[in-house]
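To start, the structure under review is shown below, and the notes come after it.
The figures that follow rest on heavy atoms only: side chains count, while hydrogens, waters and symmetry mates do not. Quick note: residue numbers are just sequence positions, from 1.
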Amino acid sequence: MMSHIARQQRVLGVKQMSVSIFRRVHAPARARAAPADSSTQQQQQTVLLDVMDTIIQDPFFEHMPRFFNISFKELLAAKHPTAWVEFESGVINQDQLFAKFFADGRSFDGQALIDYMVH
């Protein structure tokens, strides 16, 4: 059973809304076998996989508009322009996101939103 905090992080956490998987692809074995000195540098490639709405459902597009009983277009127009980005980057916490979510300052039950998206 997932804890309440884990559920909140899964639903609204930074990793949920901007989930990306990083995988290092190392240089061929010949390059790795070369002696390490200042003139030999291994090249590494990073592969970024965007898994939102492929492996993981993104609640922003469907659940949130339904919860607020508005269309997605209306949600985009009503939300604060920077609150979500600030939350994802760790500038504000979840409670601050809920307080700042709408540009007009209207309030809502943040826990009810989480419960709606989790179930």
Side-chain angles (χ1 to χ4, degrees):
M1 177 132 200
M2 187 180 303
S3 74
H4 176 71
I5 293 172
R7 252 186 272 149
Q8 286 179 343
Q9 289 172 338
R10 189 182 104 213
V11 173
L12 290 176
V14 172
K15 293 184 191 282
Q16 174 63 24
M17 295 309 289
S18 58
V19 171
S20 298
I21 298 173
F22 291 88
R23 182 176 55 144
R24 296 264 180 202
V25 179
H26 297 281
R30 288 187 312 262
R32 288 196 307 266
D37 64 17
S38 60
S39 65
T40 306
Q41 294 182 8
Q42 291 182 353
Q43 290 186 334
Q44 294 183 347
Q45 296 176 343
T46 301
V47 177
L48 174 64
L49 303 172
D50 182 3
V51 297
M52 294 308 288
D53 281 336
T54 344
I55 297 173
I56 297 171
Q57 183 180 18
D58 188 342
F60 187 72
F61 298 101
E62 291 184 33
H63 291 86
M64 293 180 91
R66 256 186 298 187
F67 176 80
F68 293 115
N69 198 27
I70 59 177
S71 71
F72 180 68
K73 186 176 181 178
E74 291 168 317
L75 178 64
L76 289 179
K79 73 175 188 59
H80 186 279
T82 62
W84 197 267
V85 173
E86 291 171 18
F87 173 67
E88 285 188 333
S89 356
V91 174
I92 62 174
N93 65 31
Q94 181 174 287
D95 291 333
Q96 292 168 317
L97 170 68
F98 292 155
K100 190 177 182 177
F101 189 81
F102 286 106
D104 63 8
R106 74 183 98 158
S107 63
F108 65 95
D109 184 346
Q111 186 57 51
L113 174 63
I114 291 170
D115 293 344
Y116 182 80
M117 289 191 290
V118 170
H119 294 65

#### Entry: Cluster overlap V85 with I92, hydrophobic side-chain contacts below 4.5 Å
no

### Query
Could you give the distance from OG (S107) to CZ (F101), rounded to the nearest 0.5 Å?
13.0 Å

### Query
For E86, which residues count as a side-chain hydrogen bond (donor to acceptor under 3.5 Å, both in side chains) partner, sequence neighbours excluded?
T82, K100

### Task
Starting at CE of M117, measure out to CZ of R66 and round the result to the nearest 0.5 Å.
11.5 Å

### Residues which pass salt bridge (Lys or Arg N to Asp or Glu O under 4.0 Å) with D104, listed by chain and number, not counting sequence neighbours
R106

### Task
Would you please test N93 and F98 for side chain to side chain contact (heavy atoms under 4.5 Å, CB included) and show each step?
CA-CA 9 Å; N93 65 31; F98 292 155; over 6 Å; no

### Query
What residues, two or more places apart in sequence or in another chain, satisfy ring-ring contact (aromatic ring centres under 6.0 Å, His included) together with F61?
F72

### Query
With sequence neighbours left out, what residues match E74 under salt bridge (Lys or Arg N to Asp or Glu O under 4.0 Å)?
none

### Task
Could you pull out the closest heavy-atom pair between L113 and M64, with the gap in Å?
CD2-CE, 3.9 Å

#### Entry: Reported NE2-to-CZ distance for the pair H80 and F102, which is rounded to 0.5 angstrom
12.5 Å

### Task
Give the minimum heavy-atom separation between S71 and P65, together with the two atoms involved.
C-CB, 4.0 Å

### Message
Under the rule for ring-ring contact (aromatic ring centres under 6.0 Å, His included), what residues qualify as partners of Y116, not counting sequence neighbours?
### Response
F67

